Structures are given as structure tokens and as C-alpha cells.
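Please read these numbers as outputs of a predicted model, since none were measured by experiment. Heavy-atom basis, side chains included; hydrogens, waters and symmetry copies ignored. Counting convention: from 1, in listed order, for ligands and their atoms alike.
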Amino acid sequence: MKILVFVEQRDNKLKKSAFEALAAARKLAGSASQVAALLVGGSVEGLAGELKNYGADTVYVVNNAAFDKYNVMAYAAAAEQAIKTFAPKLVLGIASPMGRDIFPRLAARFDAGLATDLIEIKANGDFITGLKPMYSGKVFAELALQNTELQFATLRPNVFKGETSGDGAANVSKLDVAAPASPLQTVEIRKGKSEKVDLTEATLIISGGRALGSADAFKILHEAADVIGATVGASRAAVDAGYAAHDMQVGQTGKTVNPTLYIAAGISGSIQHMAGMRSSKVIVAINTDPEAPIFKIANYGIIGDLFQVVPAMTKAFKELKG
Ligand code: FAD
């Protein structure tokens with residue numbers, strides 16, 4: 001079963017998710033089948049070698065100034081050509097904003113099936129089966145795609161491990177694709193204000209909830225985060241109340257994160273919040289209410305007032321670092 005992986009890059013740097021999707025494809029294909037990666041951008045040729053250790057036998061590169069800024073019409077044209085060239089049975093990507101944009105378009109273009117946001121994917125005889133959490137992880141749907149025909153699937157970010165396999169040879173094959181004439185143009189890409197590591201890629205996260213009470217109070221989380229190099233996140237209640245920016249929201253309708261350490265300060269632990277952070281390796285919850293649901297999934301629980309606990313943590317972080 002040949003698998004083509006659509007790998008994502010930003011500013012000509014590979015996203016962590018590129019390695020996750022590629023490593024998952026390699027595992028799924030086994031050593032007998034071929035895995036190819038598709039890399040599209042304005043100046044991405046130098047990135048192809050990085051994909052070798054994650055199991056890519058071939059890296060198709062579309063490297064052209066016209067592809068510098070993401071445009072779904074242009075990137076779909078590049079993917080279409082790679083699919084026609086490599087003839088895979090499965091095209092795999094990530095359920096990121098980009099993946100959610102381009103994969104349905106590609107599946108429609110090839111009149112093929114699409115399974116999205118999978119947290120598990122397996123080869124099962126003539127089928128590829130995948131597990132998809134629904135209703136914030138309350139139920140899991142098992143989806144089956146027949147692997148005798150071209151199919152598409154996206155994986156939930158931060159769930160699969162971007163492990164090196166060393167199996168790939170990574171022959172680089174340049175594809176000459178012209179960006180199609182399109183009524184849709186990408187004029188400008190405006191980045192979020194934060195200069196910190198994006199939540200989806202962060203290994204340390206400190207998130208605040210409604211209990212912070214104001215945007216100003218979030219300063220205590222930023223102070224703690226600055227000492228250990230963490231990224232600050234928020235619950236939806238904090239975002240809706242205007243205490244935190246929208247791109248800081250963790251959860252079902254925010255970002256899915258998978259850090260080594262997730263500190264939840266003044267967050268109750270709603271199903272929707274936990275849907276985005278429950279796979280964090282170590283969870284520390286700070287809450288005045290000993291019955292708060294977040295304590296059910298926390299590795300360490302601190303029953304206390306975050307306005308005392310967080311500054312004390314910051315002090316301890318500084319002492320440890322100093
Ligand atoms: P609360 O539930 O109000 O919890 C505040 C907590 O702070 C309480 O547990 C309280 O005991 C504690 N506390 C109070 N004072 C202190 C103090 N001084 N020190 C320490 N602890 C204190 N939510 C998300 O987070 N992400 C999502 O993506 C998301 N998507 C949603 C999608 C849908 C369709 C719906 C319906 C809801 C969604 N929600 C989401 C909202 C979610 O249901 C909750 O309302 C929200 O997560 C609650 O945020 P919170 O924990 O900050 O606030």
C-alpha cells in the first residue's frame with residue numbers, strides 16, 4: 001500500500017506534525033511498501049533531507065515562489081500532481097487548519113473517501129481502519145476505508161509520535177507545477193502577536209481559566225511561563241470573557257495540545273477543555289474546589305488559591321533555575 005504524506009511547513013521550517021504524519025505512515029505501510037512525502041513552498045528544497053529519518057522513501061518537492069504563501073487552490077494543484085505521479089492508495093495529512101482546508105477539496109477532486117481527525121490508524125486486510133473521537137471524546141467512531149482505491153485521511157495533531165525510523169531513502173524528486181489561475185489569492189499572512197512557541201508545539205504550557213478574573217491577572221501566568229520557557233494557554237471561559245486571546249484557547253473548539261507539562265490554573269476541567277489537553281504527559285491542576293473535575297485527570301493536584309500558588313511556583317522556578 002503506497003502512502004503519500006502531505007507535510008506542512010511554515011516559513012520554510014517543517015512543522016512538528018510533518019514528522020508525526022510521516023512516522024505514522026511508515027508504521028502503517030510497513031517496510032514492504034513505499035512512503036512518499038510532498039513538500040510544497042517557496043524555498044523548501046533544503047528541508048527534504050530532514051524527512052529521510054522519518055521513513056520517506058521519496059520526497060516530492062514543489063519549490064516555486066508562487067507557492068510561498070499558502071493558497072488552497074495552488075497547494076491542491078501541487079498535491080493533485082503528486083498523487084497522479086506517485087499513485088498512492090492513501091494520502092495522509094494532519095487535521096490542522098491547513099489539513100481541514102485542503103483534504104476535503106482533494107478528496108472531492110478524486111471522488112474519494114476521507115476520514116478526518118483520527119487518533120489511531122491501522123491496516124486491516126483490505127481496509128484501513130481509523131478511530132475518530134466524537135462529541136469531545138465521549139464516543140469513538142471506527143471508520144473503515146477500502147485500501148484498494150485511493151483514500152484520504154487526516155490525523156489529530158499531537159497524538160502520533162514523530163519517531164525516527166531510519167527506513168527511508170528520501171530520494172528527492174522535483175515536481176514542476178504551475179500555480180493555477182485562481183480567483184482566490186493569498187494577499188497577506190498575519191501572525192498572532194505571541195512570540196512564544198505555538199501551543200500545539202509547546203512542551204510546557206501554563207493555562208488559566210475564568211478564575212483569573214481579568215486580562216491583567218494573566219500576567220502572573222506569563223511571569224511563571226517566562227521563567228521556564230512555557231507557553232500560556234486559556235480556557236474558553238477566559239477567552240470569551242476577554243482575559244486571553246482567541247489563539248490561546250485549548251480544547252474542543254480551541255487547540256489540541258500534547259506537552260510534557262500542562263499546568264491548569266483556575267480551570268474546572270470541562271469535557272470540552274479536557275478534549276484538548278488530556279493527553280499531556282504530566283498535568284498539574286491548581287483549584288480551590290477539591291471536587292473540580294480537572295483533579296480526576298491531574299497527576300498532581302494543588303487545592304489552593306491560584307493567586308498564591310502561581311507566584312509561589314514562579315519563585316520556586318527562579319530558585320531552581322538560579
Ligand atoms: P469554570 O468552569 O467557571 O471554572 C473555574 C474554576 O476556577 C472552578 O473550578 C473554580 O473552583 C476555580 N477557581 C475559582 N477561583 C479560584 C482561585 N482563586 N484559585 C484557583 N481556582 C479557582 N471550553 C474550553 O476550555 N475549551 C474549548 O475548546 C471549549 N469548547 C466548547 C465547545 C462547546 C460546543 C461548548 C458548549 C463549550 C465549550 N467550552 C470550551 C466551554 C466549557 O464548557 C466550559 O464552560 C469552560 O471550559 C469553563 O472554563 P473554566 O474552567 O475556565 O471556567
**Student:** Relative to each other, are the rings of Tyr75 and Phe67 parallel, tilted or perpendicular (30° and 60° limits)?
**Tutor:**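 Ring orientation of Tyr75 relative to Phe67: tilted.
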**Student:** Can you give me every donor-acceptor pair (side chain of residues 208-219, partner residue at least two apart or in another chain, under 3.5 Å) with its distance?
**Tutor:**
unit_1 : atom_1 : unit_2 : atom_2 : d
Ser214 : OG     : Asp216 : N      : 3.4
Ser214 : OG     : Ala217 : N      : 3.0
Asp216 : OD1    : Lys219 : NZ     : 2.9

**Student:** Can you list the residues that meet the side-chain hydrogen bond (donor to acceptor under 3.5 Å, both in side chains) rule with Glu120, with sequence neighbours excluded?
**Tutor:**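 Partners of Glu120 under the side-chain hydrogen bond (donor to acceptor under 3.5 Å, both in side chains) test: Lys122.
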**Student:** Mind checking what makes salt bridge (charged side-chain N to carboxylate O under 4.0 Å, His left out) contact with Glu149, not counting sequence neighbours?
**Tutor:**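 Result, salt bridge (charged side-chain N to carboxylate O under 4.0 Å, His left out) vs Glu149: none returned.
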**Student:** Is any NZ, NE, NH1 or NH2 atom of the basic residue among Lys321 and Glu319 found under 4.0 Å from an Asp or Glu carboxylate oxygen of the other?
**Tutor:**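 So Lys321 does not pair with Glu319 through a salt bridge.
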**Student:** Using the six-membered ring wherever Trp is involved, compare the ring planes of Tyr54 and Phe19 and label them parallel, tilted or perpendicular (cut-offs 30° and 60°).
**Tutor:**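 Tyr54 vs Phe19 ring planes: tilted.
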**Student:** Which protein residues come within less than 4.0 angstrom of ligand 1, counting heavy atoms only?
**Tutor:**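 Ligand 1 pocket, heavy atoms under 4.0 Å: Gly209, Arg210, Ala211, Ser235, Arg236, Ala237, Gln249, Val250, Gly251, Gln252, Thr253, Gly254, Gly266, Ile267, Ser268, Ser270, Gln272, His273, Ile286, Asn287, Thr288, Asp289, Gly304, Asp305, Leu306, Phe307.
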